[in-house]
Number of protein chains: 2
Amino acid sequence: MVSTESAAANELLAVRAAELYYEEHKTQDEIGAILRVTRWKVGRLLAQARERGIIRIEIVHPRARRLALERDLCSRFGLRDAIVVPAPLDEVELQARVAEAAADYLVSMRPVPRLLGVSWGRTLHQVAEALPVGWSTGVNVVQINGGVSLSKRPGTAASTAVMIAQKAGGQATLLPSPAILERLETKKAIEGDRTVGGVVQMARGAAAYLFSAGVADTTSVHVDSGYLTADDIVALVARGAVGDVIGRYITADGTIADPELDARTLGLSLEELRSAATSILVIGGEAKHPIARAIVTHGLCSVIVTEEHTARALLDEADGDAGAAPATDPDRHHDIPAGGPPS
Amino acid sequence: MVSTESAAANELLAVRAAELYYEEHKTQDEIGAILRVTRWKVGRLLAQARERGIIRIEIVHPRARRLALERDLCSRFGLRDAIVVPAPLDEVELQARVAEAAADYLVSMRPVPRLLGVSWGRTLHQVAEALPVGWSTGVNVVQINGGVSLSKRPGTAASTAVMIAQKAGGQATLLPSPAILERLETKKAIEGDRTVGGVVQMARGAAAYLFSAGVADTTSVHVDSGYLTADDIVALVARGAVGDVIGRYITADGTIADPELDARTLGLSLEELRSAATSILVIGGEAKHPIARAIVTHGLCSVIVTEEHTARALLDEADGDAGAAPATDPDRHHDIPAGGPPS
DNA sequence: TGCTGACCTGCTCAGATGAGCAGAGGGCGC
DNA sequence: GCGCCCTCTGCTCATCTGAGCAGGTCAGCA
């Protein structure tokens with residue numbers, strides 16, 4: 001190298017080449033003629049410019065995704081798939097985008113699950129709404145945890161499952177039981193009921209699970225719905241609970257926060273969720289970082305749908321304890337069909 | 001078209017294709033395999049994405065340029081060349097960037113001018129400083145307007161010309177005279193002096209002129225240097241002066257603001273500047289928009305070096321009276337060598 | 001029902017591009 | 001001073017990509 005002078009001249013040349021290539025749409029050959037260098041040199045200058053970040057290419061679209069983060073999440077946590085959308089500043093918008101992304105993911109899932117197990121909550125309701133009518137053909141839906149009121153007013157557990165099923169021309173099977181029972185005996189009795197027991201059994205056979213997670217605080221839907229009191233939440237937090245998955249409160253270690261409470265919680269067990277072939281977590285927002293981390297680091301989901309802040313938060317922690325692979329593994333294959341079924 | 005549905009699906013598909021192409025560096029063929037479409041469709045999707053602005057390509061570099069604005073300036077004002085740099089927020093930085101760009105332009109000028117006529121001022125001094133040592137070989141420099149103090153302390157008219165010449169291994173010829181004389185007789189006498197007259201004569205033969213422009217206000221170097229008083233400036237503004245070019249105050253119409261004062265101003269005339277083959281204006285900053293407009297719309301420069309705000313301000317005015325051509329003329333050829341002489 | 005025109009699709013083919021290679025040049029240690 | 005080694009250069013060749021074209025599809029309309 002002839003000292004810094006030539007390096008600087010090269011950089012300037014690279015900037016000029018980049019302008020002519022990306023803004024003026026000239027061919028590398030033409031640029032070579034203008035800058036008096038060979039076209040091969042122009043190619044190298046452009047490669048340099050890209051490497052050094054002189055050229056910034058950005059995809060500005062609400063449905064854009066962060067594939068690099070997705071890849072990192074997959075390899076770090078051993079996930080089968082990850083969907084990461086750019087995070088808008090507005091929290092409401094953010095939740096909508098994540099829900100939309102989850103809907104996109106469902107639409108493009110292959111093979112199409114014949115039976116889909118779903119949880120319920122605000123997030124999943126948004127996913128249901130984001131699904132286009134006819135998003136699939138003949139997908140049946142089964143609820144995987146209790147919490148239904150049989151009325152179908154919007155926002156309830158029932159309406160979520162029903163909407164997802166209806167939009168795919170399938171049948172919804174609801175779990176007609178509270179999420180958490182006050183007494184263990186009641187829970188066992190309800191569970192023993194043929195209807196309820198049958199639904200749970202059916203849920204165990206679902207080809208895929210779609211669920212979100214709640215934060216362990218008083219804004220929880222469990223408090224709204226009256227299954228838990230504010231005091232219960234305080235007690236759970238004292239035991240280290242960070243949030244709930246399909247109604248079960250867990251700690252950062254991925255273990256049940258309160259076994260007694262858990263025994264009174266009706267629906268799929270954590271172990272059943274963990275051993276599922278396809279379990280899709282839909283989660284977004286600052287508040288949910290701890291519960292997201294608990295789920296993801298302890299293998300409770302095989303697919304995550306989230307936004308970039310959460311993704312970064314998950315990746316930023318130095319410990320990648322759950323089957324960690326090098327975060328830069330480039331060979332991971334991604335199959336991301338985008339639109340509806342391509343006929 | 002199958003209604004909006006297909007259009008939306010296409011857009012989503014375009015976003016996915018863009019991500020895979022620009023972020024994951026896959027070939028269109030590979031993308032086709034992933035998205036289950038043919039590679040030609042992928043090509044079309046990418047073209048759509050670029051058209052609709054889904055893909056934003058930006059060149060982030062202090063030396064980047066705004067070629068589209070340059071082209072517009074050239075065609076609108078019939079310039080031979082225009083250099084427009086992105087405007088940093090900081091005014092000081094902005095002046096430095098413009099000066100740097102002017103230096104780049106000088107370095108890459110072809111043919112190399114054997115004799116370069118230069119004006120003086122803060123801007124040109126920065127240009128001189130931005131020039132690399134050995135920026136050319138054997139370029140001689142001549143001052144085109146008065147204002148020299150024979151001492152060579154930095155910042156004076158003399159040091160600018162000398163620095164430009166020295167750095168190109170050439171000789172500087174200074175114009176040993178005040179910029180503006182108090183009495184017409186004195187001006188005529190000095191002009192008649194063999195030395196001074198010879199220098200002016202030499203200036204008339206320069207292959208190119210390099211100059212900036214001043215604003216008609218009390219921050220002017222003419223006030224600093226004592227050639228004009230604050231009152232003189234007030235009077236000039238009252239006559240419609242917007243600023244000065246090579247020491248001569250002009251109005252927005254491009255005419256001399258005060259002929260009597262002008263007669264006492266020593267150096268190249270406005271007409272001589274206007275009829276020059278190559279006259280390079282270096283100018284930047286909000287305050288200078290009016291004088292820049294006056295110069296550019298009245299053919300006083302053939303090349304402009306500026307920043308994007310000024311460029312936009314010049315273009316925003318609906319009247320393109322000076323030999324205007326359609327602003328979108330795509331055939332205009334630009335020759336913009338970038339680095340040093342490519343040997 | 002059949003026609004029309006607009007649009008979309010997949011194709012051919014030529015031009016544009018990137019990978020990889022051999023040779024040139026220049027710094028640096030022996 | 002000499003040779004070694006590293007880097008940069010210009011090249012060949014295979015691949016990738018975009019322009020343009022012919023055929024297919026579909027809504028609108030008589």
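- Using a cutoff of 4.0 Å between basic side-chain nitrogens and carboxylate oxygens, A/R312 and A/E308 are scored as salt-bridged.
- Rounded to a whole Å, the NE2 atom of B/H25 is 17 Å from the P atom of C/dT17.
- Note: CZ (B/R50) to C1' (D/dT17) measures 10 Å, nearest angstrom.
- Atom pair B/L45:CG and D/dT17:P shows a separation of 14 Å (rounding to whole Å applied).
- Between the side chain of B/W135 and the backbone N or O of B/A130, no donor-acceptor pair lies under 3.5 Å.
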Any N/O pairs under 3.5 Å between the protein and nucleotides 9-16 of chain D? List them or say none.
from   : atom 1 : to    : atom 2 : distance (Å)
D/dT9  : OP1    : A/K41 : NZ     : 2.9
D/dT9  : OP2    : A/K41 : NZ     : 3.4
D/dG10 : OP2    : A/T38 : OG1    : 3.2
D/dG10 : N7     : A/R44 : NH1    : 3.1
D/dG10 : O6     : A/R44 : NH2    : 2.5
D/dT12 : O4     : A/W40 : NE1    : 3.2

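- In A/E58, the CD atom is crowded: over 12 heavy atoms of neighbouring residues, nucleotides or ligands sit closer than 6.0 Å.
- A donor-acceptor pair shorter than 3.5 Å can be found between the side chains of A/E307 and A/T310.
- None of B/E51, B/R52, B/R44 except one satisfies the side chain to side chain donor-acceptor pair (under 3.5 Å) rule with B/Q48; the exception is B/R52.
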